[in-house]
Amino acid sequence: MTATSTNSAAPGDIPHPPTNRENHVTTGATVWLTGLPSAGKTTIAYELAGRLREEGHLVEVLDGDEIREFISAGLGFSREDRHANVQRIGFLAELLARNGVKVLVPVIAPYADSRAAVRKRHQESATGYLEVHVATPVEVCSVRDVKGLYAKQAAGELTGLTGVDDPYEAPESPDLRIESQDQTVQESAASVYALLSERGLA
Ligand SMILES: Nc1ncnc2c1ncn2[C@@H]1O[C@H](COP(=O)(O)OS(=O)(=O)O)[C@@H](OP(=O)(O)O)[C@H]1O
Ligand SMILES: Nc1ncnc2c1ncn2[C@@H]1O[C@H](COP(=O)(O)OP(=O)(O)O)[C@@H](O)[C@H]1O
């Protein structure tokens with residue numbers, strides 16, 4: 001289908017992203033939310049997804065747990081497997097984003113080289129890409145412990161937990177850093193939305 005802009009901007013108007021006949025916003029982009037388990041990645045992604053959908057954006061959330069049940073079934077948490085997982089998700093995200101979808105990716109992605117490869121894939125097709133570091137400290141994450149992983153690690157029932165006894169290479173220059181322990185979910189989602197707007201993607 002040919003994208004038809006419904007925007008008739010007068011001089012001085014703030015430009016709107018392009019829309020198609022069904023009035024969907026068709027500027028795709030990937031927002032990768034990286035951070036420790038229980039940092040708030042998934043919660044922020046779904047909050048943001050709701051807001052974007054209300055405004056007519058096409059949105060997909062590539063939830064780490066769901067991906068690991070299906071396209072990354074069989075992968076574990078070694079460095080190699082995490083890298084493979086992140087590259088598969090990066091491939092899918094770029095494909096969707098290039099075709100007009102806002103792709104929200106709440107996935108740990110602990111290694112800087114894995115994340116850099118995903119960014120590069122997007123740059124090569126000139127597809128919007130934002131890296132958001134949900135930088136909640138491990139002390140806060142381990143109290144939240146949404147899935148009980150920190151407790152299991154402390155009890156010796158699990159090893160290789162990101163940020164505890166497995167590496168997390170924090171992004172040095174993310175597009176945005178969120179301190180979720182100091183703000184509400186709505187404020188966190190709003191800060192990502194504001195950045196998308198600033199970059200002409202929302
Ligand atoms: N050892 C270990 N380390 C880290 N995380 C673990 C582990 N075992 C299971 N889980 C749970 O797996 C969820 C998905 O992980 P990801 O696909 O995001 O991880 S990765 O990017 O491939 O490293 C991840 O989801 P979130 O809690 O939403 O981050 C964890 O809950
Ligand atoms: N500002 C915030 N942003 C995101 N989550 C928050 C925030 N403040 C408190 N939380 C809580 O922290 C928990 C984060 O869990 P979750 O989103 O599943 O983390 P992750 O996907 O990073 O593992 C949720 O219970 C959420 O309600």
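Whatever order the structure lists them in is the order used to number ligands and atoms, beginning at 1. Positions are given from 1 along the sequence.
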Ring-face cation contact, Tyr111 with Arg79, 6.0 Å cut, 45° max: yes
Shortest protein contact, atom 1 (N) of ligand 2 (heavy atom only): Gln183 O, 2.9 Å
Min heavy-atom dist Leu36 to ligand 2 below 4.0 Å: yes
Ligand 1 versus Ile67: contacting region, heavy-atom distance under 4.0 Å: neither
For Val86, atoms of ligand 1 separated by under 4.0 Å from a heavy atom: 21 (O)
Donor + acceptor pair across side chains of Ser180, Arg144 (<3.5 Å): yes
Region of Lys147 engaging ligand 1 - heavy atom pairs below 4.0 Å: side chain
Atom 25 (O) of ligand 2 - nearest protein heavy atom and its distance: Val146 CG2, 4.0 Å
Polar atom proximity, Ala109 to ligand 1 (N or O, under 3.5 Å): yes
Identity and distance of the protein heavy atom lying nearest atom 9 (C) of ligand 2: Arg144 NH2, 3.4 Å
Ala39-ligand 2 polar pair, N/O distance under 3.5 Å: yes
Verdict with reasoning, Glu187 to Asp182, per side chain to side chain contact (heavy atoms under 4.5 Å, CB included): CA-CA 10 Å; Glu187 286 169 336; Asp182 297 331; over 6 Å; no
Carboxylate-amine/guanidinium contact Glu47 Arg51, below 4.0 Å: no
Ligand-residue contact atoms, ligand 1 with Arg82, heavy atoms, under 4.0 Å: 1 (N), 2 (C), 3 (N), 4 (C), 22 (O), 23 (O)
Location of contacts on Asn85 toward ligand 1, heavy atoms closer than 4.0 Å: side chain
Part of Val134 with heavy atoms under 4.0 Å of ligand 2, whether side chain, backbone, both or neither: neither
Residue portion contacting ligand 1 (non-hydrogen atoms closer than 4.0 Å) for Leu75: neither
Donor-acceptor pair between Asp165 and Thr159 side chains, under 3.5 angstrom: no
Option of least heavy-atom distance to atom 23 (O) of ligand 2 (set: Ser38, Ala45, Gly40): Ser38
For His122, the option from Phe91, Trp32, Tyr129 that meets ring pair (Phe, Tyr, Trp, His ring centres under 6.0 Å): Tyr129
Pro110: numbered ligand 1 atoms lying under 4.0 Å from its heavy atoms: 21 (O), 23 (O)
Sub-3.5 Å N/O-N/O distance, Gly160 and ligand 1: yes
